[in-house]
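Here's the structure, in structure tokens; my notes come after.
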Amino acid sequence: MPKSRIRKKADYTPPPAKQATSIKLNSRAWVAPVMLAMFVIGLAWIVVFYVTDGSLPIDALDNWNIVVGFGFIAAGFGVSTQWK
């Protein structure tokens, strides 16, 4: 019976080493304070509206004061997308 041919396997060559790339981080120190300020302002706006039975912060807006408060909170979430 004939002998089967032996295939030569290629020697393992490791992938080339990756060079360390410097990551440039932009200074975004303003994001966290602005985000928290928006959250607090929005929450305070809604709390003041409920505590004063709708006479404050802006009487002419009536129930739209809730939308303004949630708008501040939504803006805080929008700012939070800039956080790295």
Side-chain angles (χ1 to χ4, degrees):
M1 188 151 228
K3 197 173 188 182
S4 64
R5 293 184 185 174
I6 299 173
R7 295 183 209 158
K8 292 184 179 181
K9 293 183 181 177
D11 290 336
Y12 173 74
T13 55
K18 294 181 181 178
Q19 294 181 356
T21 57
S22 63
I23 299 173
K24 184 183 276 187
L25 295 176
N26 294 336
S27 176
R28 303 232 172 150
W30 59 272
V31 174
V34 171
M35 175 185 66
L36 292 175
M38 292 291 198
F39 289 155
V40 169
I41 290 170
L43 180 65
W45 194 290
I46 293 171
V47 167
V48 167
F49 173 72
Y50 277 115
V51 169
T52 61
D53 292 328
S55 63
L56 287 177
I58 299 175
D59 190 26
L61 290 180
D62 279 338
N63 288 334
W64 284 97
N65 280 306
I66 298 170
V67 175
V68 172
F70 278 114
F72 275 111
I73 293 171
F77 279 115
V79 170
S80 71
T81 62
Q82 300 299 316
W83 197 1
K84 288 188 178 183

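Everything numeric here is computed off the predicted structure, so don't read it as measured data.
By the criterion of side-chain heavy atoms lying less than 4.5 angstrom apart, applied directly or through intervening Ile, Leu, Val, Met, Phe, Trp or Tyr residues, Val31 is grouped together with Val34 in one hydrophobic cluster. Note on Val40 and Met38: separate hydrophobic clusters, where clusters join Ile, Leu, Val, Met, Phe, Trp and Tyr whose side-chain heavy atoms are under 4.5 Å apart, directly or indirectly. Linking Ile, Leu, Val, Met, Phe, Trp and Tyr whenever their side-chain heavy atoms come within less than 4.5 Å leaves Val47 and Ile66 in two separate clusters. Linking ILVMFWY side-chain heavy atoms closer than 4.5 Å, directly or via other members, places Val48 and Tyr50 in two distinct hydrophobic clusters.
The minimum heavy-atom distance between Asn65 and Asp62, with the atom names listed, is ND2-O, 3.1 Å. Of all non-hydrogen atoms in Ala32 and Trp83, the two that sit nearest each other are CB-CZ2, 4.5 Å. Considering all non-hydrogen atoms of both residues, Met35 and Gly76 come closest at CG-O, 3.5 Å.
In this structure, Val79 and Trp30 have side chains that are in contact, with non-hydrogen atoms separated by less than 4.5 Å.
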Before giving the answer on side-chain contact (heavy atoms from CB on, under 4.5 Å), spell out for Ile73 and Ile46 the whole-Å C-alpha distance, their side-chain angles and the decisive distance to 0.1 Å. CA-CA 10 Å; Ile73 293 171; Ile46 293 171; 4.3 Å; yes
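Rounding to the nearest 0.5 angstrom, the gap separating the CZ atom in Phe70 from the CH2 atom in Trp45 is 14.0 Å. Rounding to the nearest 0.5 Å gives a distance of 11.5 Å between CD1 of Ile41 and CZ of Phe39.
Between the side chain of Asp59 and the backbone N or O of Leu56, no donor-acceptor pair lies under 3.5 Å.
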